[in-house]
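Data block below; observations after.
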Amino acid sequence: EPPLLADSELSWRQGYLFLQRTFSLHTAHLRKDMENFFQLVKNIVPALTEKKHKGQDGRIGIVGGCQEYTGAPYFAAMSALKAGADLSYVFCAREAAPVIKSYSPELIVHPVLDSPNAVQEVKKWLPRLHALVVGPGLGRDDLLLKNVKGILEASKARDIPIVIDADGLWLIAQEPALIQGYQKAILTPNHMEFSRLWEAVVSSPVDSSDDHASVLRLSQALGNVTVVQKGEHDLISDGQQVVRCSQEGSSRRCGGQGDLLSGSLGLMAHWALLAGLEKTNGTSPLLVAAWGACSLTRQCNHQAFQKYGRSTTTTDMIAEIGAAFSKLFET
Ligand SMILES: NC(=O)C1=CN([C@@H]2O[C@H](COP(=O)(O)OP(=O)(O)OC[C@H]3O[C@@H](n4cnc5c(N)ncnc54)[C@H](OP(=O)(O)O)[C@@H]3O)[C@@H](O)[C@H]2O)[C@@H](O)CC1
Ligand SMILES: Nc1ncnc2c1ncn2[C@@H]1O[C@H](COP(=O)(O)OP(=O)(O)OP(=O)(O)O)[C@@H](O)[C@H]1O
Ligand SMILES: [Mg+2]
């Protein structure tokens with residue numbers, strides 16, 4: 001028998017199974033009717049009202065930014081803001097901070113990632129953060145990665161939703177136990193990153209003829225963390241089902257599109273978990289969030305390409321977030 005909703009001890013997973021059964025949703029049905037997912041994303045988007053204070057609609061932290069890469073954390077942090085977050089924080093290496101600040105006055109930048117007490121410095125902010133995006137422009141320096149491990153452990157202890165992208169995925173491929181089984185994790189691998197993760201956690205070779213099965217298997221091997229396999233179509237799995245996002249984008253593949261995705265996903269993950277299973281009709285909130293962020297990224301790509309064609313860059317795509325969001329999700 002399914003557990004009763006009245007039970008105050010109801011765990012997240014029990015609730016998921018209960019509502020999933022109650023609403024009788026299953027993969028085939030969802031796949032056939034993408035309109036459902038548009039509606040589910042609309043359901044989790046918080047209403048714009050005059051009654052809220054600054055911060056209520058999202059305070060998102062990006063962990064990344066080093067000497068080599070300053071664009072990626074900027075793109076991720078700006079994308080969270082432009083999608084509707086109230087505050088966006090970047091935790092980066094000292095040298096990257098003035099550069100990132102100079103791109104934008106909107107971002108709050110903490111030059112702490114390479115300091116000896118990096119974990120403590122970030123820990124101070126965790127109680128204020130609704131979600132963390134780990135990896136854009138992080139690089140692969142051992143000291144930074146060691147600090148990021150500590151930040152991941154501290155964030156898990158606080159049950160904070162964590163999106164892992166780019167070099168964050170490099171770290172997870174070295175040490176999958178860092179994220180294994182954490183139910184509020186979402187991984188966003190591109191083609192290369194997916195292969196690395198696969199090799200780290202699945203013993204058999206990847207079956208390139210069946211992407212659905214592969215993403216499902218990777219999610220399961222990581223203890224049902226949500227996995228977004230980016231590509232011509234985005235495939236998203238929570239280890240139980242696979243959903244596909246095929247929103248029309250363009251043929252332009254400039255660097256930074258993945259950063260737009262991970263930044264906006266950090267925000268949507270927070271919104272979806274806050275809205276809960278009733279608003280998502282029993283579908284995993286993180287699946288809804290991922291589908292929303294993938295659609296948004298692809299729609300931005302589509303709109304920017306209509307204007308700029310071959311010269312489209314991620315900055316052009318970020319400028320489209322407002323219009324793309326309205327077109328897709330505003331009623
Ligand atoms: N402006 C900035 O600051 C930006 C900074 N960024 C930051 O850079 C850091 C490293 O991230 P990353 O993605 O470049 O690293 P990695 O995983 O080694 O992949 C590199 C290689 O994988 C391959 N490859 C990729 N796709 C493939 C496919 N579909 N099919 C086949 N192969 C494929 C391809 O190999 P190639 O074609 O060169 O042989 C590619 O060169 C990270 O911190 C990130 O955030 C970026 O966010 C961009 C904007
Ligand atoms: N062939 C494709 N056709 C359409 N959209 C694509 C294609 N490949 C990727 N995308 C979209 O671009 C976005 C970023 O995916 P991509 O694979 O470029 O990430 P990435 O390599 O991590 O990017 P970044 O340069 O930011 O690191 C995703 O939303 C994905 O849906
Ligand atoms: Mg990337």
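Only a predicted model underlies this, so the values are computations on that prediction, with no experimental measurement involved. Order of appearance sets the numbers: ligands from 1, and atoms from 1 within every ligand.
For Arg253, every heavy-atom contact with ligand 2 shorter than 4.0 Å involves the side chain, none the backbone. With a heavy-atom cut-off of 4.0 Å, Arg298 touches ligand 2 through its side chain alone.
Of all atoms in ligand 2, listed by their number and element, those nearer than 4.0 Å to a heavy atom of Gly255 are 25 (O). Those atoms of ligand 2 that come under 4.0 Å of a heavy atom in Gly256, given as number and element, are 24 (P), 25 (O), 26 (O). Each of the atoms 29 (O) of ligand 2 lies under 4.0 Å from some heavy atom of Thr297. Every atom of ligand 2 is numbered from 1 in the order shown, and the set under 4.0 Å from a heavy atom of Asp259 is 26 (O).
Scanning both residues, Asp316 and Ser311, for their nearest heavy atoms gives OD2-O, 3.7 Å.
Counting protein heavy atoms only, atom 20 (P) of ligand 2 is closest to Lys230 NZ, 3.6 Å. Closest protein heavy atom to atom 21 (O) of ligand 2: Asn190 ND2, 2.9 Å.
For the residue pair Thr70 and Tyr103, a side-chain donor N or O sits within less than 3.5 Å of a side-chain acceptor on the partner. Remark: the Ser219 side chain and the Asn224 side chain contain no N/O donor-acceptor pair separated by less than 3.5 Å. Side-chain contact check for Thr283 and Asn281: no donor-acceptor pair (N or O, by modelled atom type) lies under 3.5 Å. Thr226 and Asp238 share no side-chain donor-acceptor pair at under 3.5 Å.
Ion pairing between a basic and an acidic side chain is recognised when a charged N comes within 4.0 Å of a carboxylate O; Arg298 and Glu248 show no such pairing. Salt bridge annotation for Asp167-Arg140: present, with a cationic side-chain nitrogen under 4.0 angstrom from a carboxylate oxygen. A salt bridge does not link Asp234 with Arg244: every distance from a Lys NZ or Arg NE/NH1/NH2 to an Asp or Glu carboxylate oxygen is 4.0 Å or more. Here Glu330 does not pair with Lys42 in a salt bridge; the nearest charged N to carboxylate O distance is not below 4.0 Å.
The shortest separation from a heavy atom of Gly231 to ligand 2 is under 4.0 Å, placing the residue in contact.
Among the candidates Leu169, Ile186, Ile164, Leu171, the single residue satisfying the side-chain contact (heavy atoms from CB on, under 4.5 Å) test with Ile179 is Ile164.
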Under 3.5 Å, N/O to N/O: give me all the pairs between ligand 1 and the protein, one per line with atom names and distance.
| unit_1 | atom_1 | unit_2 | atom_2 | d |
| --- | --- | --- | --- | --- |
| ligand 1 | 3 (O) | Gly71 | N | 3.2 |
| ligand 1 | 3 (O) | Ala72 | N | 3.0 |
| ligand 1 | 17 (O) | Arg196 | NH1 | 3.3 |
| ligand 1 | 17 (O) | Arg196 | NH2 | 3.3 |
| ligand 1 | 18 (O) | Arg140 | NH2 | 3.3 |
| ligand 1 | 18 (O) | Arg196 | NH2 | 3.0 |
| ligand 1 | 43 (O) | Gly137 | N | 3.1 |
| ligand 1 | 43 (O) | Asp167 | OD2 | 2.4 |
| ligand 1 | 45 (O) | Gly137 | N | 2.9 |
| ligand 1 | 47 (O) | Asp259 | OD1 | 3.1 |
| ligand 1 | 47 (O) | Asp259 | OD2 | 2.8 |

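Any N or O atom pair closer than 3.5 Å counts here, and Glu193 shares no such pair with ligand 2.
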